[in-house]
Amino acid sequence: MPDFDVTVVGELNLDLILSGLPEVLEPERELLAEGLAVTLGSSSAIFAHNLSALGTRVGFISRIGDDPLGQIALERLAEGGVDVSRVRRVGGGTATGLTVILPRANSRNILTYPGTMNEMCFEDLDLDYLTSARHFHMSSFFLHRGLRPRMVDLFKKLKASGMTISLDTNDDPSDQWDDNLTGVLRYVDVLMPNAREARKIARTDDLTEAVTRLAQQVPIVTVKLGGEGALVRCGKDEFRSPAVNVAVVDPVGAGDSFDAGFVHQYVQGKNHATSLAFGNLMGAFSTTRPGGTEAFRDRPYLDDFVSRNWNPTSTETRDATGGR
Ligand SMILES: Nc1ncnc2c1ncn2[C@@H]1O[C@H](COP(=O)(O)OP(=O)(O)O)[C@@H](O)[C@H]1O
Ligand SMILES: [Mg+2]
């Protein structure tokens with residue numbers, strides 16, 4: 001059994017980005033795009049890819065269709081160093097998911113075909129593989145419809161094996177924010193929403209109140225604040241990181257890159273302020289190239305950015321209680 005730092009269960013698909021489109025998309029017209037980019041998409045895969053690019057050993061379980069787009073997504077993830085030996089390719093009708101992004105100057109359309117991401121079920125998961133790591137991460141909680149009946153059971157089993165667990169729910173397309181999330185939160189060590197998601201999960205419009213409520217349920221809460229950076233709350237202790245000043249090209253995947261940066265430090269036992277600062281740095285780095293993984297695929301660019309902006313000797317480890 002391979003030995004990982006972090007294992008991930010999640011969706012795996014490509015993003016297709018058409019740029020330079022007319023501002024208004026008129027029906028029935030042939031509309032020309034100036035650019036086309038095909039990049040690794042999906043929150044879970046972007047997280048896994050970027051975490052692996054940072055040097056953490058990552059194992060990934062997913063279900064894809066028996067089709068060329070699934071194959072390309074799989075290869076992209078493997079190129080990032082992620083172990084994909086447990087990704088199941090299932091033929092028979094449902095194709096691998098795909099997201100088409102149509103950015104324009106003042107807005108964008110995001111069109112997603114969920115495909116196999118809706119069908120991954122508990123039986124697709126190799127629990128020995130998942131528990132061979134010290135830490136487990138899940139993104140896009142509400143998209144994993146096939147896992148829903150066994151979701152609490154899954155988190156309970158992983159926690160019982162002694163792993164730490166992080167969760168980024170991302171958005172809930174149904175806007176209900178339920179599906180037994182409370183049942184799952186009992187087993188989560190690090191909850192990683194953005195500001196809107198934090199308010200939705202805590203069922204209050206007040207962000208400070210939301211963070212306080214969430215911190216009563218989960219030991220560590222990180223909140224992503226877009227162009228205002230991020231914060232971490234641990235009980236009554238709170239740290240903030242202002243946004244790193246970069247030339248923003250595209251915010252797609254910034255939240256997943258923040259998660260990757262935070263978890264990369266967290267699994268090394270670094271304190272929460274350090275993990276926060278590095279997550280915040282990686283979120284900003286992600287925005288400097290289109291798509292969620294392009295900046296991280298460029299190894300010299302990543303190494304140069306980290307060496308210019310990060311001083312690892314100034315960081316401290318958590319205390320023996322985990323810094324809580
Ligand atoms: N304009 C920006 N400048 C610098 N950093 C940014 C910017 N936008 C996002 N980030 C970084 O990426 C993180 C995640 O972005 P955010 O949009 O809040 O999350 P999500 O993608 O989950 O909605 C932020 O917390 C911040 O660290
Ligand atoms: Mg997000």
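Note that ligands are numbered from 1 as they come in the structure, with each ligand's atoms numbered from 1 the same way. For the single chain, residues carry numbers from 1 onward in sequence order.
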Check your understanding: Salt bridge or not for Asp175 and Lys200, using N-O below 4.0 Å?
Key -> yes

Check your understanding: Taking Phe296 as the fixed residue, which of Tyr301, Phe305, Phe285 is the one that meets the side-chain contact (heavy atoms from CB on, under 4.5 Å) rule?
Key -> Phe285

Practice item. Take the angle between the ring planes of His272 and Tyr266 and call it parallel below 30°, perpendicular above 60°, tilted in between. Key: parallel

Check your understanding: Do ligand 1 and Asn170 have nitrogen or oxygen atoms that lie under 3.5 Å from each other?
Key -> no

Point to revise | Val248, any N or O under 3.5 Å of ligand 1 N or O | key: no

**Study point:** Pick from Ala254, Ser241, Pro251, Pro242: the one approaching atom 13 (C) of ligand 1 most closely through a non-hydrogen atom
**Key:** Ala254

Exercise for review: State the atoms of ligand 1, each with its element, that fall below the 4.0 Å cut-off from a heavy-atom position in Asn280.
Suggested key: 26 (C), 27 (O)

Revision key, fill the gap. The salt bridge (charged side-chain N to carboxylate O under 4.0 Å, His left out) partners of Glu238 (sequence neighbours excluded) come to Arg233, Arg240

Practice item. Check each of Ala284, Gly292, Ser286, Ala247 against atom 5 (N) of ligand 1 and report the one with the nearest heavy atom. Key: Ala284

Exercise for review: Using a 4.0 Å heavy-atom threshold (strictly under), name the region of Val244 that reaches ligand 1: side chain, backbone, both or neither.
Suggested key: backbone

Review point. Nearest protein heavy atom to atom 21 (O) of ligand 1, by residue and atom, and its distance?
Key: Gly255 N, 3.1 Å

Check your understanding: So between Pro193, Gly229, Gly283, whose heavy atom ends up nearest atom 25 (O) of ligand 1?
Key -> Gly229

Check your understanding: Which residue supplies the protein heavy atom nearest to atom 23 (O) of ligand 1, what is that atom called, and how far is it?
Key -> Asn194 ND2, 3.0 Å

Review point. Of the choices Ser139, Gly227, Gly279, which has the non-hydrogen atom that lies closest to atom 2 (C) of ligand 1?
Key: Gly227

Check your understanding: Purely on distance, is any nitrogen or oxygen of Thr287 under 3.5 Å from one on ligand 1?
Key -> no

Study note, to complete from the structure: Taking only non-hydrogen atoms of Leu225 and a 4.0 Å limit, the atoms of ligand 1 in range are 18 (O), 25 (O)

Revision key, fill the gap. Here the atoms of ligand 1 under 4.0 Å from any heavy atom belonging to Ala243 are 4 (C)

**Study point:** Atom of Leu127, atom of Phe122 and distance for their closest heavy-atom approach
**Key:** CD1-CZ, 4.1 Å

Practice item. Inspect the contact between Arg297 and Glu294 and indicate whether a charged nitrogen and a carboxylate oxygen are less than 4.0 angstrom apart. Key: yes

Point to revise | Residue Asn170, metal the Mg ion (ligand 2), N/O/S under 2.8 Å | key: yes

Exercise for review: Check the pair Arg199 / Asp205 against salt bridge (charged side-chain N to carboxylate O under 4.0 Å, His left out), numbers first and verdict last.
Suggested key: CA-CA 6 Å; Arg199 288 193 294 258; Asp205 291 335; 5.6 Å; no

Exercise for review: Give the ring-plane orientation class for Phe142 versus Trp177, where under 30° counts as parallel, over 60° as perpendicular and anything between as tilted.
Suggested key: perpendicular

Practice item. Spell out, yes or no, whether Leu21 and Leu36 are grouped together once hydrophobic residues are joined by side-chain heavy atoms under 4.5 Å, including indirect joins. Key: yes

Review point. Taking the minimum heavy-atom distance to atom 17 (O) of ligand 1, which of Gly226, Gly261, Ala277, Ala230 ranks first?
Key: Gly226

**Study point:** Carboxylate-amine/guanidinium proximity below 4.0 Å for Lys159 and Asp189
**Key:** yes

